[in-house]
Amino acid sequence: MTTSDMVRELCEKMNISLSELARRIGQSPQNFNKKLQRGTVKAEEMMEIADALGITFEQSFMLPDGEKVGLF
């Protein structure tokens, strides 16, 4: 699943348009759509999306001992 697919599915499940999501994270809908098309949405922007929607975004590696390394 691509980042674009994830964001689109998230919007569908949260009943919010991509345009509204873009506005909530301080981007123009046109700019945000271009990032989705190019696949250039950064992890920091994914965290902003989560904050704007009141949900959690987690990107990490799990080490053999259970320790996580990444963004939370």
Side-chain angles (χ1 to χ4, degrees):
M1 176 177 276
T2 67
T3 300
S4 177
D5 293 336
M6 286 175 36
V7 171
R8 291 176 196 284
E9 183 176 338
L10 175 63
C11 285
E12 185 176 309
K13 290 183 182 284
M14 298 292 291
N15 197 29
I16 185 174
S17 69
L18 285 171
S19 296
E20 176 60 23
L21 178 59
R23 288 184 198 94
R24 288 188 187 189
I25 62 171
Q27 295 189 30
S28 71
Q30 296 83 3
N31 183 54
F32 189 60
N33 278 323
K34 286 180 184 177
K35 285 183 178 188
L36 289 174
Q37 290 172 356
R38 291 188 307 252
T40 58
V41 178
K42 298 177 185 174
E44 292 80 13
E45 291 170 313
M46 296 294 278
M47 293 179 81
E48 290 174 8
I49 290 169
D51 287 344
L53 296 176
I55 59 174
T56 302
F57 173 74
E58 186 175 292
Q59 180 178 351
S60 63
F61 293 102
M62 180 75 71
L63 299 176
D65 66 0
E67 180 182 357
K68 289 184 178 181
V69 177
L71 304 172
F72 306 99

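Every value quoted in this text rests on a predicted model; they were computed, and no experiment measured them. If you read the sequence from its start, that first residue is 1, and numbering goes on from there. Quick note: numbers below take in every heavy atom, side chains included, and nothing from hydrogens, waters or symmetry partners.
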| remark: In this structure, CG of L21 is separated from CG of L53 (nearest 0.5 Å) by 5.5 Å
| field | Side-chain heavy atoms of M6 within contact of M46, under 4.5 Å | value | yes
| said: Between N31 and Q27 (side chain of the first, backbone of the second, donor and acceptor by atom type, cut-off under 3.5 Å), is there such a pair? | reply: no
| For the residue pair S60 and K68, what are the closest heavy atoms and their distance? | OG-CD, 3.9 Å
| remark: Taken to the nearest 0.5 Å, the spacing of R23 CZ from I16 CD1 works out to 9.5 Å
| Exercise: identify the closest heavy-atom pair between A52 and I25 | CB-CG2, 4.0 Å
| remark: Between A22 and F32 the two heavy atoms that sit nearest each other are CB-CB, 3.7 Å
| From R24 CZ over to S17 OG, what is the distance, rounded to the nearest 0.5 angstrom? | 8.5 Å
| task | Drop me the distance from S19's OG to N33's CG, to the nearest 0.5 angstrom. | result | 6.0 Å
| Nearest non-hydrogen partners of R8 and L36, listed with the distance | NH2-CB, 4.1 Å
| Hphob cluster co-occupancy, F57 + V69, side-chain heavy atoms under 4.5 angstrom | no
| Hey, are K35 and E45 close enough for a salt bridge, meaning a charged N less than 4.0 Å from a carboxylate O? | yes
| query | Has E12 got more than 12 heavy atoms of other residues, nucleotides or ligands less than 6.0 Å from its CD? | reply | no
| message | Can you confirm whether D5 is buried at CG, in the sense that more than 12 heavy atoms of other residues, nucleotides or ligands lie under 6.0 Å from that atom? | response | yes
| said: Is there a side-chain contact between I55 and I49 in this structure, where contact means two heavy atoms from C-beta onward sitting under 4.5 Å apart? | reply: no
| task | Please report the shortest heavy-atom distance between C11 and L18, naming the atom on each side. | result | SG-CD2, 3.6 Å
